[in-house]
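Shown next, in structure tokens, is the structure this report addresses.
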Amino acid sequence: MPPLYDKLLLRAIRREAVPRRPLWIMRQAGRYLPEYREFRQKHSFKELAGDPALAAEVTLMPLKRFPLDAAIVFADIMSPMPALGIEFDFDPGPVVAKPIRDAAGIERLRHPAPAEIAPEVIEALKLTRAALPASTALLGFCGAPWTLAAYLIEGRGAKDFPTLRAFAAAEPALLDALLGRLSSLMGEYLLQQAAAGADAVQIFDSWAGLLSRASWEKLIRPHLVTLLEIVGSVGVPRILFLQNAPHLVDAYASLPAEVLGVDWRVELPALQQRYPERAVQGNLEPAILTAGAAPTRAAARELLATTAARGHIVNLGHGILPQTPLASVEALVEVVHSEEL
Ligand code: CP3
């Protein structure tokens, strides 16, 4: 039996009645915060994410300013890649030194012991958990196998990832081998995160939408299922986030995850109607927050009015943009907190 007064986020994930909806914000510890920008004057992103004490401090930054219902550990989807022997930098997104383009690239990948997978992130989770109030959830996360493969094969973020899509067409067996390695690595990584105190985990499939549904079914689905089942085996709740893939929403809704997170292109009310047993997360358009407090307040009210409260975690539809005024976040918090269910 779950505790009677468990964290709001976990109660919403279980689709229990809540006094108000939980709220957290993707990229909540980021450049829209002046204190984060100040930290970045002294340290690179890699230094911050690589040092557990600094990472825990950054993780807590947005919570000091806003009464959010979850903290998400400050790291990147690429953080576990050094365990495979992959070298990369940020400019500002990930840039991989030697992109994987052939069988040798996959054979070179190391087989790390579980304790070698981003130990700094595991330590940051432990430090954060110790500092968080009991009512605030702690989220772990990882990149979905396909989204990670996108960076490993393309080498960096690119419009529509043409090298990746060509590789998927020309070398499906190699792609399958790479996705297999990534799904077991991410499964192991998320188990470690849960053991370190993560209350739930989010799997980011930011580039899910690059393939047709038929190619997705063939190439990607089996690996996502493997990853989700590894995590499901220990009972830690799974938030599956897909971005810019309206044609795949129903495919993702059929996967074993407690929560489906979607971007602002997807209509949450229709999603709730089609999948009444599934908790949903999202999905304010991040650009609206850059327009200021008044448009944010209007959009947040509209979201609450149209989306059923049961099983709804309020969030943006993608990461908060660096130019977002703090007043917009305040307005969002105020609207969500003033709802009485
Ligand atoms: O949400 C959070 O606050 C937790 C931390 C977090 C980061 N990256 C920190 C970060 C999370 C959850 C991520 C996930 C991530 N990283 C994704 C999936 C989510 C998404 O945005 O679709 C992806 C695709 C990446 C890869 C990545 N890392 C990109 C594209 C970039 C550049 C982004 C940008 O806005 O410039 C990064 C770097 C990065 N990761 C930053 C942060 C705070 C910016 C670092 C900086 O310059 O300070």
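Given the structure is predicted, the values throughout are model-derived calculations rather than measurements. Whatever order the structure lists ligands and atoms in, that order sets their numbers, starting from 1.
The backbone of Val73, and not its side chain, has at least one atom closer than 4.0 Å to an atom of ligand 1 (non-hydrogen atoms only; backbone = N, CA, C, O). At a heavy-atom cutoff of 4.0 Å, ligand 1 is contacted by no atom of Gln243, backbone or side chain. With a heavy-atom cut-off of 4.0 Å, Phe241 does not touch ligand 1 at all. Residue contacts with ligand 1 for Ala75 involve N, CA, C or O but no side-chain atom from C-beta outward (heavy atoms, distance under 4.0 Å). Residue Arg40 touches ligand 1 through its side chain alone, judged by heavy-atom distances below 4.0 Å.
Under the 3.5 Å distance criterion, the side-chain polar atoms of Arg165 are matched with a main-chain donor or acceptor of Asp160. Although no hydrogens or angles enter the test, the distance criterion places a donor-acceptor pair under 3.5 Å between the side chain of Gln243 and the main chain of Ser206. Here the side chain of Arg238 pairs a donor or acceptor atom with the backbone of Pro256 at under 3.5 angstrom. Using a distance-only test at 3.5 Å, with no hydrogens or angles considered, a donor-acceptor pair links the side chain of Arg15 to the main chain of Pro276. When atom types are taken as modelled, the side chain of Arg20 and the backbone of His337 share no donor-acceptor pair closer than 3.5 angstrom. Without hydrogens or angle criteria, Glu116 side chain to Ala83 main chain gives no donor-acceptor distance under 3.5 Å. Here the side chain of Arg65 pairs no donor or acceptor atom with the backbone of Leu326 at under 3.5 angstrom. A distance-only check finds a donor-acceptor pair linking the side chain of Asn315 to the backbone of Met26 [under 3.5 Å].
Atom numbering of ligand 1 starts at 1 in the shown order; those under 4.0 Å from a heavy atom of Ile72 are 1 (O), 2 (C), 3 (O), 4 (C). Within ligand 1, counting atoms from 1 as listed, the ones closer than 4.0 Å to a heavy atom of Pro92 are 31 (C), 32 (C), 36 (O), 37 (C), 38 (C). Residue contact check: Phe74 has heavy atoms under 4.0 Å from atoms 43 (C) of ligand 1.
When only non-hydrogen protein atoms are considered, atom 27 (C) of ligand 1 lies nearest to Pro94 CD, 3.3 Å. Considering only non-hydrogen protein atoms, atom 28 (N) of ligand 1 sits nearest to Asp76 OD1, 2.7 Å. Nearest non-hydrogen protein atom to atom 11 (C) of ligand 1 is Phe141 CZ, 3.6 Å. Nearest protein heavy-atom neighbour of atom 24 (C) of ligand 1: Tyr151 OH, 3.4 Å. Of the protein's non-hydrogen atoms, the one nearest atom 31 (C) of ligand 1 is Gly93 CA, 3.4 Å. Closest protein heavy atom to atom 35 (O) of ligand 1: Arg31 NH2, 2.4 Å. Here the protein heavy atom with the shortest distance to atom 41 (C) of ligand 1 is Phe45 CE1, 3.9 Å.
Residue Gln28 has at least one N or O atom closer than 3.5 Å to an N or O atom of ligand 1. Taking distance alone, with nitrogen or oxygen atoms compared against 3.5 Å, Arg27 approaches ligand 1 more closely than that limit. Taking any N or O of Ser206, backbone or side chain, at least one lies under 3.5 Å from an N or O belonging to ligand 1.
The closest heavy-atom contact to atom 25 (C) of ligand 1, among the options Ile77, Ile203, Asn244, comes from Ile77. Looking at Phe39, Phe88, Tyr36 and measuring to atom 43 (C) of ligand 1, the nearest heavy atom belongs to Tyr36.
Inspection of the Ser254 and Arg221 side chains reveals an N or O donor paired with an N or O acceptor under 3.5 Å. Defined by atom type and a distance below 3.5 Å, a donor-acceptor pair is present between the side-chain atoms of Arg181 and His111.
Residue Glu171 qualifies as enclosed at atom CD: its count of foreign heavy atoms under 6.0 Å is above 12.
Ligand 1 has at least one atom lying under 4.0 Å from a heavy atom of His318. Contact analysis leaves Gly319 out of contact with ligand 1, as no non-hydrogen atom separation drops below 4.0 angstrom.
In this structure, the side chains of Val249 and Tyr252 stay at 4.5 Å or more apart for every pair of heavy atoms.
Tyr36 and Phe45 have their aromatic ring centers separated by at least 6.0 angstrom.
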